[in-house]
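This report concerns only the one structure given below.
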2 protein chains.
Amino acid sequence: MPLSATRSPAEPAVLSEGARRIVCAAAPLFAAKGFSGVSITDIAAAVGGSKANIFHHFPNKKALYIEAIRFVCQSLRSRLEPVADADRAGGNPLVMLAGRRLQQMFDEPDAVRLILREVFVGEKGIDRSLVAEILQQNFGQFVGELRDEQRAGRVRRDIDPALVAITILALNNFFFRTWKILARFEEFAGYDTPQACAAAALETLSKGLTNV
Amino acid sequence: MPLSATRSPAEPAVLSEGARRIVCAAAPLFAAKGFSGVSITDIAAAVGGSKANIFHHFPNKKALYIEAIRFVCQSLRSRLEPVADADRAGGNPLVMLAGRRLQQMFDEPDAVRLILREVFVGEKGIDRSLVAEILQQNFGQFVGELRDEQRAGRVRRDIDPALVAITILALNNFFFRTWKILARFEEFAGYDTPQACAAAALETLSKGLTNV
DNA sequence: GTCTATATATTGATAGAC
DNA sequence: GTCTATCAATATATAGAC
């Protein structure tokens, strides 16, 4: 049993090569079908190994699931570097900041889906502090970026940046997960991509959110 | 087999008393844990009956799941009557329209959760047209209400009401599903309830969305 | 570390009495 | 309509060879 279930959520796991291959194969499966929707047989088939070997690396299925979440959290966290000042000039700052995050979601859809599954649903007995931590970090950094824009005068100073952040995260989440359905609605016939539609929504919202 | 899987999604089901009790017991379970997270044994225990009796009323587990979705869709649809003109006067129209919908979500959390699970995740082999229909109806009606507000001069006429609708639905969904996590963030220490926070967010957005 | 083979519990679903 | 008893399949997990 190389993994401790009581380790801090943030602490990076030390996975052997074999364990890492299993986690990488399991993560997209769990992301697509959830904990109880994926069997050890499915994972063994995906990784090209045996069921017994999975139980050699992980004490049970839940431990593997938790490790998969830890793995994608770590992966996403590394992508959350702040935007360089040089990239912030020109255009609508909200469209830029939000668009960057939406693009990250589409860049790693499996990781995002697995984490969102925990945030929105919550699987049986999984500690939510694990996903709450990455959400909080993501959110706090986003609020900080918005405060920077307020100081720079590109976003109105008389509004709560947390409310703007939550609006943008909610919109991005909605577009990421429902665009296939939304695209069939006549009301969105004029928008080709979720990115374009999200940008249009933010431009609309900005009429009251930004100076200049 | 009293149920046809090929019946139109909108057509109301004619459920016997026993079948209705099973569906009512199954719906919150499916809402909380998904299709594969709930066993027939779980449902039998919840309804206080036997497994065999479930298979007497429904040909298989999937048919029961579909019927549960149909049931909650029907339940939610009946709550979607348009707002009377008399109730629309005074206050921020966006806060009023959005708050009414958010309250509906908290009033029937199991139904909402089950439908959102279909919208956001999609269970194995379930026809999405069933949930897409209620989502489209909900969305279309909301856009219509926003157009009414535009005509009445309470909402800016130069913006696409669909973008406002999607923003509000995204915000409501986010608050409904993540408030327990958000409430722990320091950025939201000033808001006691998701309703209050949603209202504050809309007041902020309104500074550019509404006239007056 | 990886495997085959196996143990054991739980799954969805059926048979047939009442 | 509801039940007990049972089925076959699949689930998680283990034993032990290599």
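In what follows, chains carry the letters A, B, and so on, assigned in the order in which the sequence lines appear, proteins first and then strands, with residues in each chain numbered from 1.
Rounding to whole angstrom units, NZ of residue A:K61 and C1' of C:dA9 are separated by 14 Å. Regarding B:F58, its CZ atom lies at a distance of 15 Å from the P atom of C:dT14, rounded to whole Å. Atom-to-atom, CG of B:L64 to C1' of C:dT11 comes out at 15 Å; the value is rounded to the nearest Å. The interatomic distance linking A:I54 (CD1) with D:dA15 (P) rounds to 18 Å, in whole Å. The distance between atom CZ of B:R20 and atom C1' of D:dT2, rounded to the nearest whole Å, is 18 Å. What separates CG of A:N60 from P of D:dT12 is a distance of 11 Å, to the nearest Å. When the P atom of C:dT6 is taken as reference, atom CG of A:N53 falls 20 Å away, rounded to whole Å. At whole-Å resolution of the value, CZ in B:F35 and C1' in C:dT11 are 11 Å apart.
A:S39 comes within 4.0 angstrom of the backbone, heavy atoms only, and of no base. The residue B:V38 sits close only to the backbone: its heavy atoms come under 4.0 Å of sugar-phosphate atoms, none of a base.
The side chain of A:T41 places no N or O atom within less than 4.0 Å of a non-bridging phosphate oxygen (OP1 or OP2) of D:dT10.
Among the nucleotides D:dT14, C:dT11, D:dT2, the one closest to any side-chain atom of B:R21 is D:dT2. The A:K51 side chain lies nearest to D:dA13 when the options are C:dT2, D:dA13, D:dT2. In this structure, of D:dC3, D:dT6, C:dT2, it is D:dC3 that holds the atom nearest to the side chain of B:A52. Closest to the side chain of B:H56, out of D:dG1, D:dT12, C:dG1, is D:dG1. In the set D:dT2, C:dT11, C:dG1, C:dG1 carries the atom at the smallest distance from any side-chain atom of A:H57. Distance from the side chain of A:F55 is smallest to D:dT12 among D:dC3, C:dC3, D:dT12.
Salt-bridge formation is not detected for the pair B:R113/B:E118: no Lys NZ or Arg NE/NH1/NH2 atom is positioned less than 4.0 Å from an Asp or Glu carboxylate oxygen.
A cation-pi arrangement is present between A:K61 and A:F35 under the rule of less than 6.0 angstrom and at most 45 degrees off the ring axis. Both tests do not hold together for A:R117 against A:F30: distance to the six-membered ring centre under 6.0 Å, angle to the ring axis within 45°.
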Note to self: As a quick check of understanding, evaluate salt bridge (charged side-chain N to carboxylate O under 4.0 Å, His left out) for B:E67 and B:R20, giving each step before the final call.
What the structure shows: CA-CA 10 Å; B:E67 209 56 40; B:R20 202 193 56 83; over 6 Å; no
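To the nearest 0.5 angstrom, A:L64 atom CG is 11.0 Å from A:H57 atom NE2.
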